[in-house]
Each structure stands twice: as C-alpha cells, then as structure tokens.
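Each remark here refers to the structure printed beneath this line.
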Amino acid sequence: MPELPEIVCRSREMNELLCGRTISRVDVRQPKCLNVSVKAFAGAFEGATIGATTVRGKWLVTETTGGTLLINLGMGGELLYVDRDATPEKWHVRFDLDENMTLFVNFWWFGSTHLVPTGRLESEGPLAGLGPNALDVDLKAFQRMLNGRRGRIKSYLLNQRHLAGIGNAYIHDILFSAGLHPLRAIPTLSTGEINGLHRAIRAELERSIEKGSASYEVGLLGQPGGFGASDLRVGYREGKPCPRCGTCVEKIKTGSTASYICPQCQPLDPGEVDEKEL
DNA sequence: CGGGCTGTTGACTC
DNA sequence: AGAGTCAACAGCCC
C-alpha cells in the first residue's frame with residue numbers, strides 16, 4: 001500500500017518524466033474516483049501543461065496550467081508511464097501526453113484523482129485539514145503535538161490529520177524501533193520515548209525512500225522498489241524471531257488494524273493502560 | 001467455490 | 001477528542 005516513501009519516489013519520477021509535458025486528452029473509465037464531473041475534469045486538464053509534483057502525506061500534488069491534480073493511490077494503486085501502443089488492460093484514468101506517451105492511473109481499491117482550482121489546496125479538497133508530512137516535523141513540533149493528547153499512539157500516528165504519510169505498513173517497524181507497543185497511551189510516554197519515536201519515524205521512512213520504496217510497489221516505468229521483505233524488522237514477520245532479542249514476533253489485533261510486534265521489546269505494561277488515561 | 005483478509009479515506013455515531 | 005463502525009470495491013489465499 002503506498003505510503004509516504006512510495007509517494008516520495010513517485011513524485012520524483014513524475015518530476016523527471018512528466019514535468020513540462022502537455023496533456024492532449026483525458027479519459028476516465030471510473031467517474032466515481034473523481035471529485036467533479038468527467039467533463040469538468042477533462043476540460044480542466046486537456047491542453048494543460050504539467051508542472052512540479054509535490055507530496056502531501058499519501059497524496060501526489062501535481063500543478064498544471066489547468067488546475068492542481070491530486071492523486072491518491074489508495075491501496076495498491078499504480079501509475080504507469082508508457083508509449084500509447086503499450087496501453088495496459090486495466091486503467092481508470094488516462095492522460096495522453098505529447099510524443100505519443102500516456103500516463104495511466106490504475107486503482108486497486110479506494111483510489112481517487114481530484115481537480116482542485118489552483119491556489120485553493122489549503123481551503124478545499126482532501127488536503128484541507130491534513131497534518132504536516134511526517135518527515136517535515138521537527139522534534140520540538142512533535143513534542144508539542146503529543147502534549148496533552150490522549151488515546152493510543154498507533155491510532156494517533158495513523159491519523160492523517162495529525163501527521164501525514166504514515167500507514168499500516170511502516171508503522172510496525174516504526175513502533176518496534178521506538179520500543180513502543182501500539183496500544184500505549186500517549187500520556188504514559190516518557191520524553192525519551194517520544195524522542196525515540198520521532199527518530200524512528202524519520203529513520204524508518206527514509207530507509208525505504210533511499211532504496212526506492214517498497215518492492216511490492218512499482219514506479220511509473222514499471223520498476224519495483226528495492227525495499228523488500230528482508231528490510232522489515234517485525235512487520236509481516238509473524239512467528240519469526242525478533243531481530244533484537246529473538247522472541248517470536250506476534251500478530252495482534254489493535255482496533256480495526258493488525259499489528260506486528262515483539263512482545264518482549266514492545267511491552268504494554270498493565271500499569272500503564274489505566275482506563276482513566278485513555 | 002466461497003469466505004475471510006487486506007487496510008485508505010471520509011462520514012457518521014456515541 | 002477519541003474510539004468504533006461502515007461503505008466504497010479487487011484480488012489473493014486456503
């Protein structure tokens with residue numbers, strides 16, 4: 001599932017491959033994934049020139065002369081940049097460009113492509129109310145964010161209104177690196193634990209970005225990332241030994257999501273789950 | 001063959 | 001504010 005590292009890598013590819021190109025034609029097979037009518041969407045982007053692409057959490061933000069294009073790949077969505085003759089079987093939105101090239105957008109689940117008028121990103125659309133990118137928050141700001149918060153650390157980190165870009169794939173190794181159980185109540189976190197968590201967020205996300213993002217996702221040219229199963233510490237490693245202490249990694253239910261943890265390195269002290277703290 | 005699992009976002013409720 | 005639930009809908013696995 002694309003999270004911040006994947007989006008960062010896709011944005012780099014879009015800047016390399018798409019910046020400066022002109023959109024000649026837009027086609028939509030699944031109007032549901034748009035926020036406006038097909039006519040309005042195509043009307044805005046046909047004839048437009050593509051500018052820079054930036055990242056807001058799990059959203060790709062592409063400026064064009066016809067408005068801002070927002071792409072959310074949901075779970076397992078893909079972008080494909082190919083010659084028109086190599087049109088894939090499955091696609092939901094296509095942008096035909098100059099030089100016979102096309103950008104195909106294919107969703108697995110829950111993906112969307114939005115048109116937002118230039119300059120209104122912060123006031124309307126899905127980016128309004130989104131928290132800062134997880135990699136853009138310094139330690140002081142992170143400490144302030146958590147100050148006075150209640151609830152559990154995992155659900156806080158996954159909430160895109162707080163921090164944008166962390167999803168249920170990278171969270172496992174982030175919490176493991178910080179030595180935190182996903183259900184730890186935020187008020188029970190020590191200053192040292194908060195500092196370690198801040199460091200872990202940066203380190204784990206950047207580790208994947210450096211390797212070109214997750215290997216189960218592919219880039220605009222169809223190339224897989226270099227961050228694979230052997231790079232994971234506890235995530236999706238149920239029954240395998242913890243890399244730090246050798247204890248069996250467990251898969252547990254944490255609310256509506258699953259979590260992979262080392263029960264030894266990420267203890268949930270019963271004294272610390274006092275219901276009054278939640 | 002079928003049902004459970006996967007896990008994003010936003011809306012909604014308590 | 002936070003936690004829970006649901007709905008959107010594809011494909012894999014057993």
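Numbered from 1 within each chain, the chains take letters A, B, ... in sequence-line order. Please read all numbers here as calculations on a predicted model, not as lab measurements.
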- Among all residues two or more places apart in sequence or in another chain, which pass the ring pair (Phe, Tyr, Trp, His ring centres under 6.0 Å) test with A/F142? A/H198
Kindly list each side-chain donor-acceptor pair under 3.5 angstrom involving residues 259-268 of chain A, sequence neighbours excluded, with atom names and distances?
| from | atom 1 | to | atom 2 | distance (Å) |
| --- | --- | --- | --- | --- |
| A/S259 | OG | A/K154 | NZ | 2.7 |
| A/S259 | OG | A/T254 | OG1 | 2.7 |
| A/Q266 | OE1 | A/C262 | N | 2.8 |
| A/Q266 | NE2 | A/L180 | O | 3.0 |

Figure out the [atom1]/[atom2] separation between [X] and [N], and round it to whole Å.
X      : N      : atom1 : atom2 : value
A/I186 : C/dA3  : CD1   : C1'   : 13 Å
A/M75  : C/dA10 : CE    : C1'   : 9 Å
A/K253 : C/dT5  : NZ    : C1'   : 13 Å

- Using the heavy-atom set of chain A and a strict 4.0 Å cut-off, write down the first and last nucleotide of DNA chain B that makes it in, 5' to 3'. B/dT6 to B/dG10
- Mind jotting down which residue pairs meet the ring-ring contact (aromatic ring centres under 6.0 Å, His included) criterion with at least one end in residues 61-89 of chain A? Sequence neighbours excluded, please. none
- Query: Looking at residues 157-181 of chain A, who's got a heavy atom less than 4.0 Å off DNA chain B?
  - Reply: A/Q160, A/G167, A/N168
- Residues of residues 217-224 of chain A with any non-hydrogen atom less than 4.0 angstrom from an atom of DNA chain B: list those, numerically ordered, please. none
- Query: Toward the 5' end of DNA chain C, which comes first, A/G148 or A/S256, by nearest nucleotide?
  - Reply: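 Its nearest nucleotide lies further toward 5', so the answer is A/G148.
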Compare all side-chain heavy atoms of [X] with those of [Y] and state whether any distance is below 4.5 angstrom.
X      : Y      : answer
A/I153 : A/L146 : yes
A/R207 : A/D173 : yes
A/V137 : A/M145 : yes
A/R152 : A/R184 : no
A/T53  : A/I71  : no

Less than 3.5 Å apart, which donor and acceptor atoms pair up between the side chains of residues 38-52 of chain A and the rest of the protein, not counting sequence neighbours?
| from | atom 1 | to | atom 2 | distance (Å) |
| --- | --- | --- | --- | --- |
| A/E46 | OE2 | A/V26 | N | 2.9 |

- Query: What integer number of Å spans the P atoms of C/dC12 and B/dT9?
  - Reply: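 Here C/dC12 and B/dT9 have their P atoms 23 Å from each other.
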- What interatomic distance, in whole Å, is found between P of C/dG11 and the corresponding atom of B/dG10?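 To the nearest whole Å, 24 Å.
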- Task: State, to 0.1 Å, how close A/F107 and A/C33 come at their nearest heavy-atom pair, and which atoms those are.
- Result: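 Looks like CE1-SG, 3.6 Å.
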- Query: Any idea which heavy atoms bring A/L121 and A/E63 closest together, and the distance?
  - Reply: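 For A/L121 and A/E63, the tightest heavy-atom pair comes out as CD1-OE2, 4.0 Å.
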- Query: Given A/T102, which of A/T87, A/D27, A/D83, A/D96 fulfils the side-chain hydrogen bond (donor to acceptor under 3.5 Å, both in side chains) condition?
  - Reply: A/D96
- Message: For A/R199, is the CZ atom crowded, meaning more than 12 foreign heavy atoms sit under 6.0 Å from it?
- Response: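 Result for CZ/A/R199: open.
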- Message: Just to verify, what does A/E3 make a salt bridge (Lys or Arg N to Asp or Glu O under 4.0 Å) with, not counting sequence neighbours?
- Response: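 Per chain and number, A/E3 pairs via salt bridge (Lys or Arg N to Asp or Glu O under 4.0 Å) with no residue.
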- What pairs with A/R120 under salt bridge (Lys or Arg N to Asp or Glu O under 4.0 Å), at least two apart in sequence or on another chain?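 Residues passing salt bridge (Lys or Arg N to Asp or Glu O under 4.0 Å) with A/R120: A/E124.
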Could I get a table of every N or O pair under 3.5 Å where one atom is in the protein and the other is in nucleotides 11-14 of chain C?
| from | atom 1 | to | atom 2 | distance (Å) |
| --- | --- | --- | --- | --- |
| C/dG11 | OP1 | A/K90 | NZ | 2.3 |
| C/dG11 | O4' | A/W108 | NE1 | 3.4 |

- Task: Verify the contact: side-chain N or O of A/R152 to OP1 or OP2 of C/dG2, cut-off strictly under 4.0 Å; return yes or no.
- Result: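 A/R152 to C/dG2 OP1/OP2: no side-chain N or O under 4.0 Å.
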- With a 4.0 Å cut-off on heavy atoms, is A/S112 in touch with a base, just the backbone sugar-phosphate, or nothing at all?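 A/S112: no heavy atom of the nucleic acid under 4.0 Å.
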- Given Watson-Crick or G-U pairs with both distances under 3.5 Å, what dot-bracket string fits DNA chain B, with | for other-strand pairs and [ ] for crossing? .|||||.|||||||
- Task: Supply the members, apart from A/L80, of the Ile/Leu/Val/Met/Phe/Trp/Tyr cluster built from side-chain contacts under 4.5 Å; use none for a lone residue.
- Result: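 For the cluster that includes A/L80, the remaining residues are A/V82, A/W91, A/F104.
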